[in-house]
Amino acid sequence: MTFAELVTRGVHEAAPALLGWTLLVDGVGGRIVELEAYAPEDPASHSFRGPTARTQTMFGPAGRLYVYRSYGIHWCSNITCGPPDRAEALLLRALEPTHGLERMRERRGLDDARLFCSGPGRLTQALGLDGRHDGLDLTAPPVMFLPPTAAAEFETTPRIGITKAVDEPWRYVERGSSWSSRGQRRAGS
DNA sequence: CAGTGGATGCTCT
DNA sequence: GAGCATCCACTGT
């Protein structure tokens with residue numbers, strides 16, 4: 001299935017299928033290893049109370065980038081999903097950096113690759129994205145989505161940093177990945 | 001290595 | 001005027 005087709009499915013079908021895809025913006029990016037699902041009937045979702053100036057993009061077509069400011073400081077990025085009448089999105093929470101590591105290092109101001117893309121604010125900064133990219137078409141350059149060779153194994157957990165619907169297991173993480181925002185620490189020693 | 005708190009700005013009540 | 005879909009520095013082990 002193509003990326004464009006995938007995102008028209010609901011978030012809970014699209015999320016597991018999108019884990020393992022490589023996201024590149026201007027040739028910089030990596031494999032998606034962590035996503036969180038948000039949908040209209042979900043009290044934690046920005047789309048829960050209907051469209052507002054900020055959430056326009058969530059109510060628009062699937063396959064676009066929804067960028068919002070978090071805690072006044074960081075930008076966070078989502079992939080809009082679902083059929084036309086459903087304001088759904090997947091929050092990009094972590095990538096495994098594979099392309100343009102040097103560019104990420106400059107943008108993040110750090111040397112530790114583990115901290116490049118392990119968190120929604122971090123990965124948005126590493127990819128060079130901000131509020132100006134809200135609404136960006138993800139099916140066209142400079143954005144590229146490359147499919148994985150095999151479907152990723154994944155697990156679900158409660159979402160992070162929210163205060164409503166805190167127990168819903170709508171965080172999708174590639175099993176065994178050490179690149180997630182709550183990555184499993186190295187075993188032993 | 002775990003826990004805490006500050007920064008900071010916009011959205012919605 | 002409150003409340004954030006966060007990150008980082010700093011503390012005390």
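Below, read A as the first sequence line, B as the second, and so on, with proteins coming before strands; counting in each chain starts at 1.
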Looking at residues at least two apart in the chain, or sitting in another chain, which of them share a salt bridge (charged side-chain N to carboxylate O under 4.0 Å, His left out) with A/R122? none

Between CZ on residue A/R132 and CH2 on residue A/W75, distance to nearest 0.5 Å: 9.5 Å

Of all of residues 61-71 of chain A, which get a heavy atom below 4.0 angstrom from DNA chain C, listed by number? A/Y68, A/S70, A/Y71

On a heavy-atom basis, which atom in A/I162 and which in A/V166 lie closest, and how many Å separate them? O-CG1, 3.5 Å

Heavy-atom nearest nucleotide on DNA chain C for A/L123 versus A/K164: which residue maps closer to 5'? A/K164

Going by number, which of residues 85-94 of chain A have a non-hydrogen atom under 4.0 Å from DNA chain C? A/L91, A/R93

A/I162 near the nucleic acid: base, sugar-phosphate alone, or nothing, with a heavy-atom cut-off under 4.0 Å? sugar-phosphate

Between which nucleotides of DNA chain C, 5' to 3', does chain A make heavy-atom contacts below 4.0 Å? C/dC4 to C/dC8

Heteroatom pairs (N/O) under 3.5 angstrom, protein to nucleotides 11-13 of chain B:
| unit_1 | atom_1 | unit_2 | atom_2 | d |
| --- | --- | --- | --- | --- |
| B/dC12 | OP1 | A/T52 | OG1 | 2.2 |

Can you name the residues that form a side-chain contact (heavy atoms from CB on, under 4.5 Å) with A/A152, not counting sequence neighbours? A/L19, A/E174

Below 4.0 angstrom, which residues in residues 99-106 of chain A have at least one non-hydrogen atom near DNA chain B? none

CG (A/D167) with more than 12 external heavy atoms under 6.0 Å: no

Identified stems (criterion: three or more consecutive Watson-Crick or G-U pairs, under 3.5 Å), DNA chain C: B:1-7 with C:6-12, B:9-12 with C:1-4

side-chain contact (heavy atoms from CB on, under 4.5 Å) filter on A/E106, not counting sequence neighbours, yields A/E102, A/R103

Roughly how far apart are A/T124 OG1 and A/R69 CZ, rounded to 0.5 Å? 12.0 Å

Could you note down all residue pairs passing side-chain hydrogen bond (donor to acceptor under 3.5 Å, both in side chains) where residues 44-67 of chain A supplies at least one of them, sequence neighbours left out? A/S45-A/S47, A/H46-A/Y66, A/T52-A/T55, A/T57-A/D134

Membership question, hydrophobic clusters at under 4.5 Å side-chain separation (ILVMFWY): are A/L127 and A/I79 in the same one? yes

Taking side chain as C-beta onward, heavy atoms only, is A/L35 less than 4.5 Å from A/L18? yes

Sort and list the pairs that fulfil side-chain hydrogen bond (donor to acceptor under 3.5 Å, both in side chains) and have at least one residue in residues 12-29 of chain A, not counting sequence neighbours. A/R9-A/E13, A/H12-A/Y172

Pairing residues for A/R86 by the salt bridge (charged side-chain N to carboxylate O under 4.0 Å, His left out) criterion, not counting sequence neighbours: A/E41, A/E88

